Amino acid sequence: MNRYLLPTLFAVSALYAQASEPMADACDRLLSALEKEVEALELIQQPQDAAEVLGELRSALKELEALALSVDESELWLYIENTEGVKQPLVDVLSQVALHLARIENAAYFNHAGLKELLAPQIEETPEVQNVKLEKIRAEDDDDE
């Protein structure tokens, strides 16, 4: 019996590892691209910095865009939520991104049109984003009752 059970267990383990490997790779790519974005945003402290960093920032955002097109978002979020040690580093780097974006928005994009154009999709709320926020608030209000 053991001679059949062990190979089956190894096969199942190998299949599971193969299934989660693309999501692990996607998480690594996501974290890496977000870290690159943070590094670029940190460098923008004055108006002249924006022009110098624009290429690096554009590269990081293209990596994020390519990742979004190559991975099923719901599967990725499921993996992030259910895999130990994956979520917190992403939350930490996303917090850094949000802080830098707020700083740059408060500085009126350092009067750099190219920077504003590049970052606007991440900063400015679309009607869809506003609707999602309203739905979350309504759901929380319903839970309180």
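Note that the coordinates shown come from a computational prediction; the quantities given were computed from them, not determined experimentally.
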Exercise for review: Only pairs at least two apart or in different chains count here, so list each salt bridge (charged side-chain N to carboxylate O under 4.0 Å, His left out) that has a residue in residues 77-89.
Suggested key: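 Non-adjacent pairs meeting salt bridge (charged side-chain N to carboxylate O under 4.0 Å, His left out): Glu81-Lys87.
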Partners passing side-chain contact (heavy atoms from CB on, under 4.5 Å) against [X] (at least two apart in sequence or in another chain):
{"X": "Glu117", "value": "none"}
{"X": "Leu99", "value": "none"}
{"X": "Gln88", "value": "Val91, Asp92"}
{"X": "Asp72", "value": "Ser74, Glu75"}

Practice item. Search all heavy atoms of Ile80 against all heavy atoms of Cys27 and return the closest pair with its distance. Key: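 The answer is CG1-SG, 3.5 Å.
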Check your understanding: Looking at Tyr109 and Leu119, what are the two nearest heavy atoms and their distance?
Key ->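 What the structure gives for the nearest pair is CE2-CB, 4.2 Å.
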Practice item. Decide whether Leu78 and Leu94 are clustered together by the hydrophobic rule: side chain heavy atoms of Ile, Leu, Val, Met, Phe, Trp, Tyr closer than 4.5 Å, transitively. Key: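 No, Leu78 does not connect to Leu94 through the hydrophobic network.
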Side-chain atoms of residues 39-49: list all donor-acceptor pairs with protein atoms under 3.5 Å, sequence neighbours left out, distances to 0.1 Å.
unit_1, atom_1, unit_2, atom_2, d
Gln45, NE2, Glu42, O, 2.7
Gln46, OE1, Gln48, NE2, 2.8
Asp49, OD2, Gln45, N, 2.9
Asp49, OD2, Gln46, N, 2.9

Side-chain atoms of residues 51-69: list all donor-acceptor pairs with protein atoms under 3.5 Å, sequence neighbours left out, distances to 0.1 Å.
unit_1, atom_1, unit_2, atom_2, d
Glu63, OE1, Lys36, NZ, 3.4
Glu63, OE2, Lys36, NZ, 2.9

Exercise for review: Decide whether Gln96 and Glu37 meet the rule of one side-chain donor and one side-chain acceptor closer than 3.5 Å.
Suggested key: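 Side-chain D/A pair, Gln96 to Glu37: absent.
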Check your understanding: Who pairs with His100 by side chain to side chain donor-acceptor pair (under 3.5 Å), at least two apart in sequence or on another chain?
Key ->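 Side chain to side chain donor-acceptor pair (under 3.5 Å) check on His100 returns Arg103.
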Review point. Listed by chain and number, what are the salt bridge (charged side-chain N to carboxylate O under 4.0 Å, His left out) partners of Arg29, not counting sequence neighbours?
Key: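 Per chain and number, Arg29 pairs via salt bridge (charged side-chain N to carboxylate O under 4.0 Å, His left out) with Asp25.
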Exercise for review: May I have the step-by-step check of side chain to side chain contact (heavy atoms under 4.5 Å, CB included) for Val71 and Met23, ending in yes or no?
Suggested key: CA-CA 8 Å; Val71 175; Met23 288 300 122; 3.7 Å; yes
Practice item. Measure the spacing between CG of Leu90 and CH2 of Trp77 and express it to the nearest 0.5 Å. Key: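 Between atom CG of Leu90 and atom CH2 of Trp77 there are 6.5 Å.
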